[in-house]
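Shown next, in structure tokens, is the structure this report addresses.
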Amino acid sequence: MIYNVLGIENDVVKNTEMFADDNNIADYAYNQVYAIKQLGLINGYENGEFKPSGYLTRAEATKVIFMLLEYLKSGKYTSSARLGFSTPA
């Protein structure tokens, strides 16, 4: 949802450390997950996993919302911002 709200347009994320359970992220969500990670809104768990099949706790959801608000306040966001992604060859 955050990806859609920000209007991010991308194909493939570059220069982002992969999650340990990267292969469990659904194809339709893959680029969006890494785009949000590259923005610093999520960073996964201490063991390096994203846990795409897991549930967020209230505290985790609150942190993501807080990070989104901080990002919006930072002045880095523009509705036409691109994150330096490209289509794979």
Side-chain angles (χ1 to χ4, degrees):
M1 292 186 334
I2 291 172
Y3 177 89
N4 292 332
V5 168
L6 293 177
I8 299 169
E9 298 176 18
N10 75 315
D11 293 315
V12 175
V13 179
K14 290 184 175 183
N15 303 320
T16 300
E17 185 178 333
M18 306 307 256
F19 290 112
D21 56 350
D22 179 72
N23 58 331
N24 294 328
I25 300 172
D27 291 342
Y28 71 87
Y30 190 86
N31 290 332
Q32 291 85 349
V33 167
Y34 282 106
I36 300 303
K37 183 178 194 264
Q38 187 168 340
L39 290 176
L41 304 182
I42 61 172
N43 55 21
Y45 293 90
E46 289 182 5
N47 65 356
E49 292 182 338
F50 175 65
K51 298 184 182 180
S53 297
Y55 295 98
L56 283 179
T57 65
R58 288 181 186 163
E60 291 166 338
T62 300
K63 181 179 178 185
V64 172
I65 293 167
F66 175 79
M67 297 302 292
L68 172 62
L69 293 173
E70 289 296 307
Y71 173 73
L72 293 172
K73 286 186 342 184
S74 73
K76 295 177 186 173
Y77 170 74
T78 62
S79 60
S80 62
R82 291 183 159 258
L83 299 176
F85 306 142
S86 64
T87 305

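Keep in mind that this is a model prediction, so the values were computed, not measured.
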(message) Is any side-chain heavy atom of L39 closer than 4.5 Å to one of L68?
(response) no

(request) Determine whether N24 and S53 make a side-chain contact, defined as any pair of heavy atoms from C-beta on separated by less than 4.5 Å. (result) no

(request) Over all heavy atoms of both residues, which pair between E49 and A20 is shortest? Give the atoms and the distance, please. (result) CG-CB, 4.1 Å

(message) How long is the straight-line distance from NZ of K51 back to CG of L56, given to the nearest 0.5 Å?
(response)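 Reported to 0.5 Å precision, the distance equals 11.0 Å.
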
(message) Working to the nearest 0.5 angstrom, can you tell me the gap between I25 CD1 and N31 CG?
(response) 10.0 Å

(request) Keeping to residues at least two apart or across chains, list the salt bridge (Lys or Arg N to Asp or Glu O under 4.0 Å) pairs with something in residues 52-70. (result)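 Matches after skipping sequence neighbours: E70-K73.
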
(message) Test your reading of the model: is there a side-chain donor-acceptor pair from K37 to the backbone of E17, 3.5 Å cut-off?
(response)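 At least one qualifying donor-acceptor pair exists.
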
(request) Report yes or no: do Y45 and V64 belong to one cluster of Ile/Leu/Val/Met/Phe/Trp/Tyr joined by side chain heavy-atom distances under 4.5 Å? (result) no

(request) Please check if I65 and L41 belong to a single hydrophobic cluster, counting links between Ile, Leu, Val, Met, Phe, Trp and Tyr side chain heavy atoms closer than 4.5 Å. (result) no

(request) Tell me, yes or no, whether the heavy-atom count around F66 atom CZ, taken from other residues, nucleotides or ligands under 6.0 Å, exceeds 12. (result) no

(message) F50: which residues meet the ring-ring contact (aromatic ring centres under 6.0 Å, His included) condition with it, sequence neighbours left out?
(response)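 Listed in chain order: F19.
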
